[in-house]
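To find a chain, count down the sequence lines: A is the first, B the second, and so on, and within it residues start at 1.
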Amino acid sequence: MSSSRRQYPFHLIEPKWQQTWEDEQAFRAFNPNDFVSEGHPFGIRHKLAGKTAPADSLPPKFYILDMFPYPSGAGLHVGHPEGYTATDILARYRRAGGFNVLHPMGWDSFGLPAEQYAVKTGRHPRVTTEANITNFTRQIKSLGFSYDWSRELATTDVEYFKWTQWIFLKLYNSWFNPETNKAEPIETLKFPESAGTEEKQRTYRDSKRLAYVSEAPVNWCPELGTVLANEEVIDGKSEVGGFPVIRKPMRQWMLRITAYAEKLLADLDSIDWSDSLKEMQRNWIGRSEGAEVDFQIAGSAGTIRVFTTRPDTLFGATYMVLSPEHRLVPEITTPEQKAAVEAYKNFAAGKSDLERTELAKEKTGVFTGAYAINPVNRKQIPVWIADYVLASYGTGAIMAVPAHDERDFEFARKFNLPIIQVVQPNEPKTDWQGFTEDGIAVNSGFITGLATPDAKKKITAWLEEKNLGKKTINFKLRDWLFSRQRYWGEPFPIIWKKDAAGNLYHEALPETSLPVLPPTLEDYKPTPSGEPPLARAKDWLHLPDGSIRETNTMPQWAGSCWYYLRYTDAKNAQSFVGKDADNYWMASNGKAAGVDLYVGGTEHAVLHLLYARFWHKVLFDLGYVSTPEPFYKLVNQGLIQGEDGQKMSKSRGNVVNPDDVLAEYGADAFRLYEMFMGPLQDTKPWNTKGVEGVYRFLGRVWRLFVDEHSETEFEQAETITETTKRRELLGLIKINPAIKDGPATPAQLKTLHACIKKVTEDLEAMRFNTAISAMMVFVNEAITWETKAAQVLQPFLQLLAPFAPHLAEELWAKLATLAPGTPANLAYAPWPKFDAALLVESEIEIPVQVNGKFRDVIKIAVDADNAIIEAQAKLAEKAQPFLAGKTVRKVIIVPKKMVNLIVS
RNA sequence: GCGCGCGUGGUGGAAUGGCAGACACGCCAGACUUAGGAUCUGGUUCCGUAAGGAUUAGAGGUUCAAGUCCUCUCGCGCGCACCA
């Protein structure tokens with residue numbers, strides 16, 4: 001730790017103001033019909049003090065949200081406060097702008113590390129989690145963020161996860177009605193004629209629920225001891241920890257997110273997210289238009305249905321491929337091929353996901369012995385199985401058109417299958433083999449000669465007419481695997497029963513039984529038989545009526561799917577969120593709706609952000625929330641790297657701990673640096689020297705405002721005063737005698753208003769780095785003024801306040817002694833407006849170019865007409881050598897910008 | 001492989017198509033000082049004593065004018081990855 005002298009006493013100022021804000025609950029947001037206490041600055045500003053405020057009396061709302069953190073044992077990381085600082089600056093800016101700002105914080109506190117720690121030590125995850133939350137709270141509070149702590153929540157709070165379970169029940173008790181195109185209560189589902197018995201009705205109903213049970217191969221991670229969603233598996237490894245993942249058939253809970261694929265895709269157009277993020281979601285949803293086509297199996301009544309985006313290439317289909325898992329494989333395989341097919345199925349099943357992707361180069365497969373009939377030309381084509389065809393996409397079977405599909409082309413060459421051209425590239429020199437783009441249909445019967453889009457239309461119509469196929473839209477998005485074999489998650493409000501025939505079936509617990517608490521355990525490991533840890537609690541597991549509880553728990557994403565809603569009404573005991581609160585905080589304000597600004601890392605691009613949108617849409621369909629989208633504007637902050645330009649990690653030893661930075665430079669400098677580093681969205685390396693730079697800037701601000709002699713007295717007094725009483729000594733520091741409550745010079749006003757303009761515009765556009773540089777320019781200028789007008793310095797403090805709130809408040813309070821009538825509370829003082837008239841120049845400098853090259857600058861009156869500008873430009877001294885002996889052929893004048901002389 | 005984004009001084013970064021390098025860091029020189037890792041002043045893209053010239057990854061193009069728009073190449077980052 002450095003022993004260098006402090007630039008200013010932030011160590012006293014910062015705790016002082018944090019205490020003040022907490023004492024007066026300065027940043028509490030008021031809901032409709034809340035009572036606003038007499039002395040609250042929000043009430044004073046909006047004339048609501050001492051009143052109960054109905055929705056229409058409240059100012060417009062602004063909901064600014066951070067992605068809440070997982071409270072890890074490692075504590076806060078410098079990456080966390082980057083987004084939090086940005087949102088805090090905007091929250092403070094909007095408050096000053098007269099908005100009712102909702103700016104909450106909470107904890108995404110279910111999760112694996114606490115559970116793994118529990119497995120090792122036997123310490124209950126709740127104990128670990130609470131200790132971590134305490135530490136995170138301390139760290140976050142020490143940064144002076146203006147959160148409304150009265151709305152703090154943790155996903156592990158019983159009062160919170162009770163409602164998470166409640167929402168699950170809504171999913172369970174709903175189905176997606178394709179006719180109304182929305183989710184409806186399961187009661188509106190009509191049974192088909194065939195579902196006569198109670199058991200059949202139950203089965204039918206269960207097959208339609210938004211939350212359903214599926215027995216299918218899932219992503220099993222042995223190391224983590226749990227299954228994972230597709231979104232949590234990256235390159236065949238777990239997103240958390242990077243452990244191998246294998247396919248394993250298991251009984252699991254799924255959420256029918258695929259029913260919302262179309263809406264999740266279409267509604268991206270209604271929200272203000274970055275293009276790259278929208279693109280990631282689009283790719284993940286993966287919509288593709290094409291056709292399903294039925295191929296008859298030769299010598300059999302069966303058909304194989306395939307999905308293709310290129311029905312126009314049907315005449316070029318020379319073979320078919322089924323995925324090894326396809327249900328027709330055993331049926332169609334001929335006796336001679338049986339052994340080979342079985343061997344191949346085993347070979348494919350034994351591959352891990354990792355091997356499937358990494359060894360994708362070389363195609364493999366075997367012939368089944370069967371032939372299918374191409375519906376357009378009645379030709380017999382062989383049916384193969386190969387693992388390059390995925391069971392989980394489309395119909396799990398394809399028609400192979402080797403001439404115009406790279407994968408089929410590779411496969412056909414390896415196994416010597418015929419390749420027939422059916423598309424002619426528009427560019428005649430292009431090789432048609434392996435040509436996959438649009439062209440002209442050839443060798444294709446009745447579609448020959450048509451351009452690809454027309455050929456697609458015509459053949460699809462033909463297939464539909466002959467009842468051989470139909471236009472189809474397919475999505476890459478799979479249903480969301482929603483259960484985990486863990487302890488530290490929300491238990492499902494579900495029990496299992498046996499019917500008369502001895503079949504297990506599931507049933508939801510009634511809402512009145514919520515919350516379902518997890519049992520207390522001694523041992524958090526799975527059972528020896530591989531059951532989830534909850535199965536260890538025999539008393540909990542078995543209900544008196546003989547039914548058994550579901551032992552899986554929900555994934556960590558469950559809690560984060562709706563926390564932004566709970567913040568709007570965090571204490572509501574009757575409902576997950578009240579109608580008034582939802583209407584006020586999430587309502588439209590004349591634009592697309594929801595959270596006005598949501599800031600967080602890109603790592604949640606397809607996980608949290610897709611899941612939360614899905615839940616929100618279900619709640620919207622069911623009438624529980626007022627908007628179709630949760631987050632109107634979303635910004636991803638960039639990664640902060642270590643000083644070496646590498647990703648921060650313990651193993652690299654380049655992790656910067658915010659506590660250390662705070663101790664040495666203070667919270668205001670830390671906040672300022674995080675914003676000064678560069679654009680919020682960019683990845684950028686940490687640089688301790690850079691912190692010193694902004695710290696020095698704050699020191700200059702301090703010295704601009706305070707009297708140096710009094711500061712020396714203060715410092716001497718501090719050394720002989722006990723620590724706890726030092727804060728009171730701040731009163732010894734007097735205002736800089738150069739500051740006068742008199743008129744400002746035009747130059748001072750101009751400097752101020754230029755700064756107001758720049759900072760305001762930059763805040764609107766979230767350009768924090770350039771806003772800070774504008775304030776630096778102001779201070780560099782102001783420090784040279786012999787007499788400093790209080791009326792110029794005061795608005796500057798308002799500009800500084802969102803960035804460095806502690807220092808600004810301290811100086812504001814000192815300056816108030818000079819300027820009577822100053823609002824007591826800086827945080828709610830109305831944001832200064834710039835006066836354009838003060839920025840107008842009578843004379844401006846404009847550059848003179850000769851043949852497009854900059855040569856000189858001339859000073860002219862702003863309202864000078866073109867003739868004068870031209871004349872002045874021709875006289876510009878440094879331009880003379882380039883004009884001598886030449887004729888000016890053309891003069892280009894951009895008013896107030898530049899003049900360009902074109903000479904021969 | 002496909003998609004998206006980005007390449008500007010020694011460093012982080014600024015520049016509605018109109019004076020490239022704002023604002024900082026670092027460095028150099030000076031002032032104050034017992035001292036400086038405090039503070040203040042000045043300088044700092046490169047070549048050149050200067051006048052001037054070159055310069056925004058590279059090559060070409062549009063334009064009176066290009067870091068900015070277009071085309072190609074190279075490099076980096078992110079995402080997806082046999083999705084038919």
Can you identify which nucleotide, out of B/A15, B/G18, B/C19, has its nearest atom closest to the A/Met898 side chain?
B/G18
Residue A/Trp284, side-chain heavy atoms: nucleotide from B/A81, B/C82, B/U39 that is nearest:
B/A81
When you measure from the side chain of A/Thr308, which nucleotide among B/A14, B/A81, B/A84 comes out closest?
B/A84
Which whole-number value in Å describes the distance from A/Leu390 CG to B/A81 P?
11 Å
Choosing from B/C64, B/C80, B/U39, which nucleotide comes nearest the side chain of A/Lys476?
B/C80
Using a 4.0 Å heavy-atom cut-off, does A/Ser392 contact any base of the nucleic acid, only the sugar-phosphate backbone, or nothing at all?
nothing
Using the C1' atom as the point on both nucleotides, what is the distance between B/G67 and B/G58, in whole Å?
14 Å
Can you check the A/Asp762 CG to B/A15 C1' distance for me, whole Å?
12 Å
Rounded to whole Å, the NZ-C1' distance (A/Lys896 to B/C19) equals 18 Å
Could you tell me whether B/G75 is syn or anti, where syn means a glycosidic angle within 90 degrees of zero?
anti
base_contact_polar (B/U11 base, A/Lys684 side chain, donor-acceptor, <3.5 Å):
no
Please examine the side chains of A/Tyr8 and A/Val701, heavy atoms only from C-beta on, and report whether any two atoms are closer than 4.5 Å.
no
Between B/A57 and B/U68 - C1' atom distance, rounded Å
16 Å
A/Tyr8 OH to B/A38 P, straight-line distance once rounded to whole Å
17 Å
In whole Å, what is the span from the CZ atom of A/Phe435 to the P atom of B/G1?
19 Å
Quick one: does A/Asn900 reach the base of B/C64 with a side-chain donor-acceptor pair under 3.5 Å?
yes
Less than 6.0 angstrom from the centroid, inside 45 degrees of the normal: does A/Lys363 satisfy that with respect to the ring of A/Tyr388?
yes
N/O contacts under 3.5 Å, protein versus nucleotides 44-55 of chain B?
{"residue": "B/G53", "atom": "OP1", "partner": "A/Arg855", "partner atom": "NH1", "Å": "3.3"}
{"residue": "B/G53", "atom": "OP1", "partner": "A/Arg855", "partner atom": "NH2", "Å": "3.4"}
{"residue": "B/G53", "atom": "OP2", "partner": "A/Arg855", "partner atom": "NH1", "Å": "3.0"}

Return no unless some side-chain N or O of A/Arg703 is found under 4.0 Å from OP1 or OP2 of B/C40.
yes
Atom P, compared across B/G10 and B/U56: separation rounded to whole Å:
13 Å
Among B/A14, B/C40, B/C64, the nucleotide that comes nearest once only the side chain of A/Ile892 is considered:
B/C64
Are A/Gln681 and B/G5 close enough that a side-chain N or O sits under 4.0 Å from OP1 or OP2?
no
Answer yes or no: does a side-chain N or O of A/Tyr393 lie under 4.0 Å from OP1 or OP2 of B/A84?
yes
Any N/O pairs under 3.5 Å between the protein and nucleotides 21-24 of chain B? List them or say none.
{"residue": "B/A24", "atom": "OP1", "partner": "A/Asn780", "partner atom": "ND2", "Å": "2.5"}

Out of B/C19, B/A84, B/A38, whichever nucleotide has its closest atom nearest the side chain of A/Gln7
B/A38
Is the distance between the ring centroids of A/Phe347 and A/Tyr344 under 6.0 Å?
yes
Show me the dot-bracket string of RNA chain B, counting Watson-Crick or G-U pairs under 3.5 Å, with | for pairs to another strand and [ ] for crossing ones.
(((((((..(((.....[....)))((((((.......))))))(((....)))..(((((..]....))))))))))))....
What nucleic acid atoms does A/Ile902 come within less than 4.0 Å of, heavy atoms only: base, sugar-phosphate, or nothing?
sugar-phosphate
